[in-house]
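The analysis underlying the following values was restricted to heavy atoms, covering all of them including side chains, and did not include hydrogens, waters or symmetry mates.
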Amino acid sequence: QVQLVESGGGSVQSGGSLRLTCTASGFTYSTFCMAWFRQVEGKEREGVASIESDDSSFSYADSVEGRFTISQDSAKNTLYLQMNSLKIEDTGTYYCAADLQSCSFIANMRTDEVKYWGQGTQVTVSS
């Protein structure tokens, strides 16, 4: 079955960097649109960044544009999210997602438009 396992979360001070990793298994990588979402307790899960299966296009939420970079290594079945210049408001649980109905306009993506989810990794940014 499809499995998505995130790692790389942790605690960091404002202005710092983290790189999240999602290791995928159970499907042929480069088949699906892949993405990162995040969720703050009490709020809806929101799309952060997405990448087409062939790296042909990317989409970022306005709040992370210019600070976060999504990438993937198909040979390693791995998705990354490089997060720089982190802000306190970036705090949350970050989820890897696979097989989205659309890879465009990730900020508008609903959670019911995603087929597979990882278990999440916590990112905490402090002042």
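- Between Trp117 and Phe37, the ring center distance clears the sub-6.0 Å criterion.
- Not counting sequence neighbours, the partners of Asp55 by the side-chain contact (heavy atoms from CB on, under 4.5 Å) test are Ile51, Gln72.
- Ser30 and Ser74 are linked by a side-chain donor-acceptor pair at a separation below 3.5 angstrom, with hydrogens and angles left out of the test.
- In this structure, the salt bridge (Lys or Arg N to Asp or Glu O under 4.0 Å) partners of Asp112, at least two apart in sequence or on a different chain, are Arg110.
- Here the side chain of Tyr60 pairs a donor or acceptor atom with the backbone of Ile70 at under 3.5 angstrom.
- Cluster membership check: Val64 shares its hydrophobic cluster with Val12, using side-chain heavy-atom separations under 4.5 Å among Ile, Leu, Val, Met, Phe, Trp and Tyr.
- For the disulfide (SG to SG under 2.5 Å) condition, the pairs that include at least one residue of residues 6-75, sequence neighbours left out, are Cys22-Cys96, Cys33-Cys103.
- The ring-ring contact (aromatic ring centres under 6.0 Å, His included) search around Tyr94 returns none, not counting sequence neighbours.
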Throw together a table of side-chain donor-acceptor distances under 3.5 angstrom for residues 77-85, partners on residues two or more places apart or in other chains.
residue	atom	partner	partner atom	Å
Thr78	OG1	Lys76	O	2.7
Gln82	NE2	Asn84	OD1	2.9
Asn84	OD1	Ser17	OG	2.9

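- The stretch residues 34-82 participates, sequence neighbours left out, in no disulfide (SG to SG under 2.5 Å) pair at all.
- Residues Ala98 and Met34 approach most closely at CB-SD, 3.5 Å, considering heavy atoms.
- The cluster map of Ile, Leu, Val, Met, Phe, Trp and Tyr, joined by side-chain heavy atoms under 4.5 Å apart, puts Val125 and Trp36 in the same cluster.
- No donor-acceptor pair under 3.5 Å is formed between the side chain of Thr124 and the backbone N or O of Thr91.
- A side-chain N or O of Thr93 and one of Gln122 form a donor-acceptor pair less than 3.5 Å apart.
- In this structure, Phe32 and Tyr116 have tilted ring planes: the angle between them lies in the 30° to 60° band.
- Both tests pass for Arg45 against the ring of Tyr95: distance under 6.0 Å to the centre and angle within 45° of the axis.
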